[in-house]
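We count ligands from 1, going down the list as the structure has it; atoms in each ligand are counted the same way. Only heavy atoms go into these numbers, but all of them, side chains included; no hydrogens, no water, no symmetry mates.
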Amino acid sequence: MSQKRKKHSFRHADSLIWAGAALCLLAGCSGAPSAMHPRGPAAARIADLSWTFFVMGGAVYVVVMLLTAIALWRRGRQQGAHDASERRMGNRMILVGVALTVVILLVVFGLTLSTQVALSLPAEAEETTIRVIGRQWWWEVQYPTDQVTTANEIVIPVGRPVKIELLAEDVIHSFWVPELHGKLDMIPGETNSFWIEADAPGDYWGLCAEFCGIQHAKMQFLVIAVTPDEYTAWLAQQQQPVRQPADELAARGQEVFTEAFCTRCHTITGTDATGDLGPDLTHLASRRTLGAGALPNNRGNLAGWVVDPQHIKPGNLMPATSISGEDLQALLAYLEGLQ
Ligand code: CUA
């Protein structure tokens with residue numbers, strides 16, 4: 001390749017990289033859940049506060065830059081030493097600057113405090129309490145009054161404040177649904193709580209916001225806001241006893257579940273499986289993701305997860321399962337029946 005052509009292809013590669021980077025940035029802006037696009041009253045308060053700070057900070061920046069420019073311009077025109085009146089003027093300006101800074105910081109402090117107080121007051125119409133327990137690296141979700149336990153998905157009724165109690169089993173995690181509320185730490189031995197509310201039905205991604213180990217990045221969950229009727233129906237469905245295996249294959253799958261020692265770590269209500277190291281699987285098939293948002297919940301991914309979870313999420317507590325292909329098919333049939 002000639003020198004000229006080489007140069008040309010480098011430039012081509014450069015522009016491709018830049019275009020790629022720009023695309024990534026743009027995609028990041030549109031795809032990820034953003035605290036600047038609130039979908040609930042608490043998040044709206046936080047977003048308002050952020051915008052207020054942004055405007056105040058922007059105004060301070062503009063004024064400081066203007067004053068700096070004026071000072072430089074005057075200095076450029078001026079020759080020789082300052083006289084006494086100019087020095088007095090300078091000192092006065094410094095005092096005004098300090099006073100303004102104190103006033104602005106006090107305003108910022110007051111606004112922050114009032115937002116925090118508003119967010120920490122108990123909601124008036126609190127009806128539902130949901131307990132979320134952070135674990136390495138997934139979320140156990142309990143509805144104590146309704147005796148429902150699930151994982152990595154929190155279904156809430158839309159337009160109603162829901163009390164979220166946060167605990168941690170192992171290390172510190174942090175519960176964050178950017179579109180619905182700010183972050184709140186989950187600390188072993190402590191119970192923290194706040195109220196979340198969604199304005200409209202929809203899916204809201206949540207994530208762990210405190211580094212908690214090697215798979216911190218793969219510790220996500222979904223808040224699914226539904227109409228009150230759908231919420232009642234969902235609770236009723238989750239309260240149903242486990243579905244009995246629909247056919248022979250699934251019945252064999254249930255045996256495999258015991259033989260492969262899955263029962264030691266997972267609970268399937270109404271069966272011998274009562275382990276509590278991993279997620280409750282009683283209604284596994286009704287969930288959308290596997291491995292706390294790591295994969296969509298479908299047959300292929302479920303097979304991959306069962307056979308080699310360490311490949312998908314290294315360091316998680318679930319060991320690989322070595323079973324025959326036939327047993328795997330039976331196990332999948334059983335698990336897929338857990339609606
Ligand atoms: Cu849990 Cu980070």
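Note on Phe194 and Met186: same hydrophobic cluster, where clusters join Ile, Leu, Val, Met, Phe, Trp and Tyr whose side-chain heavy atoms are under 4.5 Å apart, directly or indirectly. Note: the hydrophobic cluster containing Ile323 also contains Leu335 (ILVMFWY, side chain heavy atoms under 4.5 Å, direct or indirect links). Clustering ILVMFWY residues whenever any of their side-chain heavy atoms sit less than 4.5 angstrom apart, transitively, puts Ile164 in the very cluster that holds Leu222.
The existence of a salt bridge linking Arg243 and Glu336 is excluded, since no basic side-chain nitrogen approaches an acidic carboxylate oxygen closer than 4.0 Å.
Sorted by chain and number, the protein atoms of type N, O or S within less than 2.8 Å of atom 2 (Cu) of ligand 1 are Cys208 SG, Glu210 O, Cys212 SG, His216 ND1.
A search for side-chain contact (heavy atoms from CB on, under 4.5 Å) contacts involving Pro245 returns Ala250, Ala251, Gln254, Tyr334, not counting sequence neighbours.
Note that OH of Tyr143 and CD of Gln238 are 8.0 Å apart. Values are rounded to the nearest 0.5 Å.
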